[in-house]
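Encoded as structure tokens, the structure appears first; notes follow it.
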Amino acid sequence: KKAVYRSLIFPGLGQLYNYGLVVDDVQAGRTEGKRIGQKIYLIGKIGAIYAGGTMLVMSYIDNNNNYRRFLRELQYRQLNGGKPDPDNGLTQYPDVNALTVAKNIYKRNREVVIISLVGLYGLNVLDAYVTARLKYFNVDETLSFKISPTTINSNTMYGFQNITPALKLTLRL
């Protein structure tokens, strides 16, 4: 629960908490080795969260600026009888329909970026939860599975033996 709450408060804080759990296990001698790969992986996830968030925020800002630019141009043309605004830099669009399409594209992209930011935030929390839960998941020598080929006798009606090839899964807990 601590990892989830920390990730809800501040993205990446749950992953940092999980990093602390790994360090505590190494220092207490509960795990073999220094777990350097696992530590790098956890730090990399924090970096990925912030890199993804930064790129999405930059994309939002760019799409929002372009949306407002095209909206201002449409409003200017509506007030001035269809004449383009010389200061806006959109004089290459003679058609109002093209401006409307561009404005709608930037608005839609802006909304997709907002949904993506919410998704990234949710994935951050989910990752912190799953990583913290898997810390206590015991995989030792007694847990195994085996897949082997076999046959199934599927029908003995009327003295006819129909043999079907199959795969057999054996779990040892």
Among residues at least two apart in sequence or on other chains, which ones pass side chain to side chain donor-acceptor pair (under 3.5 Å) with [X]?
X      : answer
Lys45  : Asp127, Thr131
Arg110 : Asn64
Asn63  : Ser59

Item to check | Summary of salt bridge (Lys or Arg N to Asp or Glu O under 4.0 Å) pairs that have at least one residue in residues 52-62, sequence neighbours excluded | outcome: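 Every pair satisfying salt bridge (Lys or Arg N to Asp or Glu O under 4.0 Å) with a residue in residues 52-62: there are none.
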Item to check | Within residues 1-16 or reaching into it, pairs that qualify as salt bridge (Lys or Arg N to Asp or Glu O under 4.0 Å) - sequence neighbours excluded | outcome: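 Pairs touching residues 1-16 that pass the test: none.
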Item to check | Tyr5 OH: over 12 foreign heavy atoms closer than 6.0 Å | outcome: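 Atom OH in Tyr5 is not crowded, with 12 or fewer foreign heavy atoms closer than 6.0 Å.
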Item to check | Heavy-atom neighbours of Gln92 CD exceed 12 at 6.0 Å | outcome: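 Check passes, neighbour count above 12.
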Set of side-chain contact (heavy atoms from CB on, under 4.5 Å) partners for [X], sequence neighbours left out:
X      : answer
Ile115 : none
Arg72  : Arg68, Arg69, Asn88
Ile43  : Tyr19

Under 3.5 Å, which donor-acceptor pairs do the side chains of residues 118-125 form with other protein atoms, sequence neighbours left out?
from: Tyr121; atom 1: OH; to: Leu8; atom 2: O; distance (Å): 2.2
from: Asn124; atom 1: OD1; to: Gly12; atom 2: N; distance (Å): 3.2
from: Asn124; atom 1: OD1; to: Gln15; atom 2: NE2; distance (Å): 3.4
from: Asn124; atom 1: ND2; to: Ser7; atom 2: O; distance (Å): 3.4

Checklist entry - Taking ILVMFWY side chains as joined if any heavy atoms are under 4.5 angstrom apart, and letting links pass through other members, which residues group with Val112? => result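 So far as hydrophobic clustering goes, Val112 is joined with none.
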Checklist entry - Hydrophobic clusters join Ile, Leu, Val, Met, Phe, Trp and Tyr when side-chain heavy atoms are under 4.5 Å apart, directly or via other members; which others share one with Phe70? => result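 Result for Phe70 is Tyr67, Leu71, Leu74, Leu90, Tyr93, Val96, Leu99, Tyr106.
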Next on the checklist: Just to verify, what does Arg77 make a salt bridge (charged side-chain N to carboxylate O under 4.0 Å, His left out) with, not counting sequence neighbours?
Outcome noted: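 With sequence neighbours excluded, Arg77 shows a salt bridge (charged side-chain N to carboxylate O under 4.0 Å, His left out) to Glu73, given in chain and number order.
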Checklist entry - Is Tyr76 reaching over with its side chain to a backbone N or O of Pro86, donor-acceptor style, under 3.5 angstrom? => result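 No; zero donor-acceptor contacts below 3.5 Å.
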